[in-house]
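Please read these numbers as outputs of a predicted model, since none were measured by experiment. Nothing fancy with the numbering, it's 1 onward along the sequence. Hydrogens, waters and symmetry mates play no part in the numbers below; they use all other heavy atoms, side chains included.
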Amino acid sequence: MTITAPIRPPAPALLFRRARVTRWDERVFLGKLAALAALTTTGVILALRPEPVAITAGVLLLAAMYTHAVELQHQCLHHSAFRRALPHRLVGVPLGIPLLVVYSHYRVRHLQHHRYLGTPQDTEFFGFDTRRPLTLGVLARGLLDYPRLAGVGLDVARSATGSWRYAHGDIAPAMRRRIVTEHLLLGGVVLAAVALALTGHGVYPLRLWVLPLLVAVPLHFLVELPEHLLCETDTTDVLRNTRSIRGSWLSTWFTNGNNLHIEHHAAMSVPINQLPARHEETRRYGQHVQRTYGEFYRLLWQSLRTRPDA
């Protein structure tokens, strides 16, 4: 009797393939920066208008752009936006300032997240631990994570006094100096905003930064939440511990490809604009793939309703 070996499905051919940044990829990213600048300028103009409707629209648009800027910063910290290394920091540092995200600090912790995803050493930068039991209280604290802003303020103070230390392992002295310098730069921007308010021009920092920041914190949380939530937390297999959402062209642009998160974790240095071409393989091999953000949030609601302590 002849025994036939089981046929194994083919492995992904493209999903894990590395790719360098090309001149075209660089132009695509510069186009995204131009769109960010144009929309942010529109938000500023609206927020400084006297009409309440225009002010509200401007604040909401600025909040959206500050959230979008952090997603562009995310691509910079992976060095997948430019062909040379230096522009990533030059562009990445200011992209994070509105949301109080220090580029080099984010870079160190986020690369650790990629290295240790699925292990106890995972340390995502924004602090929401998807391994914790899922409750409405946990989600509410993540949604309204304003204490993170206070924590950044403490890091600025520690940097100014020379006492800042990295809390998640050892880092090179040069990297520590970069992080301290960027904290001090952020502190200088905050002090300039405070000085502007104290000289009678408080409307500018209030409408252009404080109010948009209050909206951007929960908005950014909603963008980041689907990445690993309700996925398998005890495996290093990216096809099981990460989620991708096909989304629309608008959600893909706004999140800067963060919806294609399996594709990103499979090859983190691949330029974001190349990830959509890999989504078909993700649909074939990934365990957690949704069509839309709405589908994910319905799944989340069902999980909350059926949890044992509900």
Side-chain angles (χ1 to χ4, degrees), residues 12 14-33 35-36 66-97 99 101-119 121-128 166 168-169 171-172 174-175 178-179 182 220 223-228 236 238-239 241-245 247 251-279 281-282:
L14 180 61
L15 188 58
F16 293 90
R17 185 179 300 172
R18 297 181 181 181
R20 292 187 176 184
V21 180
T22 66
R23 186 184 298 273
W24 172 250
D25 299 324
E26 196 170 69
R27 289 175 177 172
V28 169
F29 190 77
L30 290 173
K32 293 177 181 179
L33 292 178
L36 172 68
Y66 296 166
T67 301
H68 179 57
V70 171
E71 299 308 318
L72 295 177
Q73 183 192 49
H74 168 250
Q75 184 170 353
C76 286
L77 63 86
H78 279 287
H79 287 191
S80 63
F82 302 100
R83 287 172 292 166
R84 295 185 297 114
L86 179 61
H88 290 100
R89 188 182 181 211
L90 294 177
V91 173
V93 168
L95 284 173
I97 285 177
L99 209 54
V101 179
V102 175
Y103 171 79
S104 292
H105 193 198
Y106 184 13
R107 174 172 163 80
V108 170
R109 282 193 63 175
H110 186 70
L111 294 183
Q112 281 187 294
H113 163 66
H114 274 264
R115 186 179 304 118
Y116 296 119
L117 178 62
T119 75
Q121 290 75 39
D122 183 13
T123 56
E124 177 56 296
F125 183 76
F126 291 98
F128 182 79
Y166 185 60
H168 301 280
I171 57 174
M175 180 57 71
R178 284 188 175 192
I179 295 172
E182 292 168 22
H220 180 260
V223 168
E224 299 270 315
L225 186 63
E227 296 175 351
H228 306 288
T236 58
V238 69
L239 296 172
N241 64 21
T242 303
R243 168 177 287 97
S244 276
I245 299 174
S251 62
T252 301
W253 164 78
F254 179 64
T255 65
N256 193 35
N258 193 61
N259 54 314
L260 304 176
H261 215 61
I262 292 176
E263 295 87 334
H264 171 61
H265 269 270
M268 67 178 181
S269 297
V270 173
I272 297 297
N273 56 286
Q274 295 188 27
L275 296 183
R278 304 178 179 217
H279 186 65
E281 285 194 354
T282 298

Sub-4.5 Å side-chain heavy-atom contact between [X] and [Y]:
X: V238; Y: L15; value: no
X: L95; Y: C76; value: yes
X: E263; Y: H279; value: yes
X: R278; Y: V270; value: yes
X: I245; Y: S251; value: no
X: N273; Y: F29; value: no
X: H168; Y: V108; value: no
X: R115; Y: Q121; value: no

Okay, side chain of [X], backbone of [Y]: is any donor-acceptor separation there less than 3.5 Å?
X: S244; Y: I262; value: yes
X: H68; Y: F254; value: yes
X: E281; Y: P12; value: no
X: Y106; Y: V70; value: no
X: E71; Y: V223; value: no
X: E182; Y: S104; value: yes
X: H264; Y: N258; value: no
X: E26; Y: R83; value: yes

| field | Pair T22-D25, side-chain hydrogen bond (donor to acceptor under 3.5 Å, both in side chains): steps then yes or no | value | CA-CA 5 Å; T22 66; D25 299 324; 3.0 Å; yes
| request: Check step by step if side-chain contact (heavy atoms from CB on, under 4.5 Å) holds for L111 and M268. | output: CA-CA 9 Å; L111 294 183; M268 67 178 181; 4.2 Å; yes
| Mind checking whether H88 and H79 have parallel, tilted or perpendicular rings, split at 30° and 60°? | parallel
| request: Determine, stepwise, if the pair H265 / H113 fulfils ring pair (Phe, Tyr, Trp, His ring centres under 6.0 Å). | output: CA-CA 10 Å; H265 269 270; H113 163 66; 5.2 Å; yes
| query | Can you name the one residue among Q73, H74, K32 that meets side-chain hydrogen bond (donor to acceptor under 3.5 Å, both in side chains) with N256? | reply | K32
| request: Carefully, step by step, assess Y103 and R178 under the rule side-chain contact (heavy atoms from CB on, under 4.5 Å). | output: CA-CA 9 Å; Y103 171 79; R178 284 188 175 192; 5.8 Å; no
| With a cut-off of 6.0 Å (strictly less than), are more than 12 heavy atoms of other residues, nucleotides or ligands near CH2 of W253? | yes
| request: Nearest 0.5 Å please: distance from the OG1 atom of T255 over to the CG atom of L260. | output: 7.0 Å
